[in-house]
Enquirer: 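Quick one: the structure is below, questions incoming.
FYI, side chains are in, hydrogens and waters are out, and symmetry mates aren't considered; it's all heavy atoms of this structure. Numbers here are sequence positions counted from 1.
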Amino acid sequence: MSMDAAEFVSHRFSTREFPERMRIPVWREDFGRGIVHADIEPLSNAPFQAYATLQAIRGLRRLALKGSPLRFKRLQASIADGDDSIGVILCSPGKSQLSQRCQEIELHASDAIAILHSEPATVTYVDGLLFGLAVPRDALAQRVTNVESRAMRPISHRSEALRLLMAYLKSAFTESVLATPKLRDAVVAHIHDLLALAIGECAPLGESSASAVVTARHGAALDYIETHFQEPGLSVEMVARCQGISPRYLQRLMASSGSSLHRAHE
């Protein structure tokens, strides 16, 4: 898939659409070689099943996959496509193994890791939801010193930058938002900023005024309120504590958008 496509593009693939004998061949050819540019090897003798979505706009690709255990291999022949993206992979709530640069890492419990699309790599998916992002190398090189050195370094699910990135993707990476060029450019820039913070091993963010962090924190707070609104005793203090910020800062976030704890749920 071209990284130059300005419009929002979405591919969905499900093995349910094919008879069992055709699932692995079609999955390997259409999805593996045609879309993600990797060889695919099933790891179970059970009937193969998988469901995946791949969404792309200029500067960003997002993959979500769930199904039977399998292994992706991006070998020397695959990297001839010239894709120099830097990817981040996360598996929730299951686990996966990754191999690149003579290192093997096993991920658990929604931890993440960065890999280089320009070098051979193997990703073994075991279970859960496999989630991946890919952004052009240049976008992160502008934000992270020696960005290639960050490959194959696990990112804890406790990282605030990773948590904010995932919350922001949930609220902002939607077709309705990305249909508007100005909004699309802002969303992609924010995702690049948050991803750089996540892989760059930054110090605690504190009550940062960086626009990407403010926007992501605001979205995460609204999402938490929407999910927990009916719980007894929900308060500004409780929401702030769960978001790792002060009540005063949360109030400023809500006020800046004209929101309040009550209005956020209306």
Enquirer: Supply the atom-to-atom distance Phe72 CZ to Ile40 CD1, rounded to the nearest 0.5 angstrom.
Expert: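 It is 4.5 Å, given to the nearest 0.5 Å.
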Enquirer: Could you tell me the separation between the CD1 atom of Ile57 and the OG atom of Ser10, rounded to the nearest 0.5 Å?
Expert: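 The distance works out to 11.5 Å.
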Enquirer: Using a 4.5 Å cut-off on heavy atoms from C-beta on, say whether the side chain of Gln100 contacts that of Leu116.
Expert: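 When only atoms from C-beta onward are counted, Gln100 and Leu116 do touch, with a gap below 4.5 Å.
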Enquirer: Does some side-chain heavy atom of Ile113 sit less than 4.5 Å from a side-chain heavy atom of Val88?
Expert: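 Counting from C-beta outward, Val88 and Ile113 never come under 4.5 Å.
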Enquirer: If you apply the rule ring-ring contact (aromatic ring centres under 6.0 Å, His included), what do you find for Phe18 with Phe48, and how did you get there?
Expert: CA-CA 11 Å; Phe18 303 97; Phe48 181 73; over 10 Å; no
Enquirer: Please name all residues satisfying salt bridge (Lys or Arg N to Asp or Glu O under 4.0 Å) with Arg12, sequence neighbours left out, ordered by chain then number.
Expert: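 Expected list: none.
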Enquirer: For a quick test of reading the model, state the closest non-hydrogen atom pair linking Ser68 to Pro47 and the distance between them.
Expert: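 Heavy-atom minimum between the residues: OG-O, 3.8 Å.
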Enquirer: Applying side-chain contact (heavy atoms from CB on, under 4.5 Å) to Leu70 and Trp27, what does each step give before you reach the verdict?
Expert: CA-CA 11 Å; Leu70 53 86; Trp27 177 258; 3.8 Å; yes
Enquirer: Nearest 0.5 angstrom please: Ile199 CD1 to Arg143 CZ, how far?
Expert: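 Spacing of CD1 (Ile199) from CZ (Arg143) equals 10.5 Å.
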Enquirer: With a 4.0 Å cut-off on N to O distance, would you call Arg28 and Asp39 a salt bridge?
Expert: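 Looking at Asp39 together with Arg28, the answer is no, because their closest N to O distance does not fall below 4.0 Å.
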Enquirer: Checking Tyr168 now: which residues fulfil ring pair (Phe, Tyr, Trp, His ring centres under 6.0 Å) with it, not counting sequence neighbours?
Expert: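 Expected list: His190.
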Enquirer: Does Arg74 reach the main-chain N or O of His117 with its side chain, forming a donor-acceptor pair under 3.5 Å?
Expert: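 It does hold such a pair.
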Enquirer: The test is side chain to side chain donor-acceptor pair (under 3.5 Å); show your working for Ser92 and Ser110 and say whether it passes.
Expert: CA-CA 5 Å; Ser92 173; Ser110 300; 3.0 Å; yes
Enquirer: Rounded to the nearest 0.5 Å, how far apart are CG of Leu197 and CG of Leu164?
Expert: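 Answer rounded to 0.5 Å: 9.0 Å.
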Enquirer: Output yes when Arg137 and Glu148 qualify as a salt bridge under the 4.0 Å nitrogen-oxygen rule, no when they do not.
Expert: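 Counted as a salt bridge, because a side-chain N and a carboxylate O are separated by less than 4.0 Å.
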Enquirer: Any ion pair linking Arg163 and Glu160 (charged N to carboxylate O, less than 4.0 Å)?
Expert: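 Looking at Arg163 together with Glu160, the answer is yes, because their closest N to O distance falls below 4.0 Å.
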Enquirer: Between Arg61 and Asp83 (salt bridge meaning N to carboxylate O under 4.0 Å), is one present in this structure?
Expert: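 Salt bridge between Arg61 and Asp83, a charged N being under 4.0 Å from a carboxylate O: yes.
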Enquirer: Just how far is it from atom CD1 of Ile89 to atom CG of Leu98, taken to the nearest 0.5 Å?
Expert: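 So the CD1 of Ile89 and the CG of Leu98 are separated by 5.0 Å.
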